[in-house]
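Right, one structure below, let's go through it.
First listed ligand is number 1; within each ligand, the first listed atom is number 1.
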Amino acid sequence: MFTLISLPYSAEALQPVISSETIAFHHGKHLQTYVDNLNRLIEGTEYASMSLEEIVRSSQGGIFNNAGQILNHNLYFTQFAPVAQHSEPSEGLAITTALILNFGSVEQFKAEFEKAGTTLFGSGWVWLSADKDGKLFITQESNANNPLTKDLRPLLTMDVWEHAYYLDYQNRRAAHLQALWSIINWSEINRRYIG
Ligand code: MN
């Protein structure tokens, strides 16, 4: 049985970047529905004893879609920190060194990441991931996909399904993505990178 993750911050803590109303629907309704659907679909199957990552690597169809969306949202919601605790990729973090090595600068990385997010057609996710050698990649993944299906380790993501931003930003996806940088918890992204 999978359960809905608890948020490591209050529902109001990400305002005005993400409203408490969006958190209530996105975490409390959308993610809860994926959890309920997956539990129903895997009951009595070989998947019932697997981790989310194992299910995403080995399933298709409805089981893949719901497991992928839970994994994606768990990584998404746990990468944020309250607006009041704003951080940037700082000197001395391994992820900062890697961003500069792979993209030229932190600003160049952010620009490429935002472009990948705004140009992704339809519903999906834009990801920063690392391969086994620590090389970084930005990928666009449609619907419920996660870069671990490409043997990459997911580090940071932005959800470009409309449910992630429509209440707060309506059609302004680019503005939403740009605003998200101010709530990224870079010590968490670094922890995932050095994992
Ligand atoms: Mn979502």
Heteroatom test (N, O or S) for His30 near the Mn ion (ligand 1), limit 2.8 Å: no
Are Trp127 and Tyr76 near enough that their ring centres are under 6.0 Å apart? no
Heteroatom of [X] nearest to the Mn ion (ligand 1) (N, O or S, atom name):
X	value
Asp159	OD2
His26	NE2
His163	NE2

Looking at Arg57 and Glu53, does any basic side-chain N land under 4.0 Å from a carboxylate oxygen? no
Before giving the answer on salt bridge (Lys or Arg N to Asp or Glu O under 4.0 Å), spell out for Arg173 and Glu162 the whole-Å C-alpha distance, their side-chain angles and the decisive distance to 0.1 Å. CA-CA 8 Å; Arg173 184 194 285 186; Glu162 287 184 346; 6.0 Å; no
Side chains of Trp125 and Gln69: donor-acceptor distance under 3.5 Å anywhere? yes
